[in-house]
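Only one structure is covered here, and it is reproduced in the block below.
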Amino acid sequence: MTEHGIDIDTRMLAVGVAVTGVAAVLGLAGTVMIGVTLLNAGRGYVRHMEVPPSELAARAMRQAKAASQAASQAGVDAWRSADGSS
């Protein structure tokens, strides 16, 4: 201990900082490798699909629109039949 407080081994501190920095760079590199691998796998999966995702989305949108219109019309019909029976 020095007169100002704790005696820190600066060489050990520098080594710890360096090891932490190297680990951070390796962790980042590993994360990038995982991301690239998953991206390539996803692209390959989409490439081998029989129906492209854009067509699946368009089909689902058309079905949702048709269901929404049918439900709206059923609501209008029910409202009118209830209004007329009073």
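None of these values were measured; they are calculated from a predicted model. Side-chain atoms are counted along with the backbone in the values below, which use heavy atoms only and exclude waters and symmetry mates.
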For V22, the option from V25, L26, V19 that meets side-chain contact (heavy atoms from CB on, under 4.5 Å): L26
CD1 (I8) with more than 12 external heavy atoms under 6.0 Å: no
Whether S68 side chain and A64 backbone form a donor-acceptor pair below 3.5 Å: no
Taking distance alone, no hydrogens or angles, what donor-acceptor pairs closer than 3.5 Å link side-chain atoms of residues 36-61 to residues at least two apart or in another chain?
residue	atom	partner	partner atom	Å
T37	OG1	M33	O	2.8
N40	ND2	V36	O	3.4
H48	ND1	G44	O	2.7
E55	OE2	R62	NH2	3.3

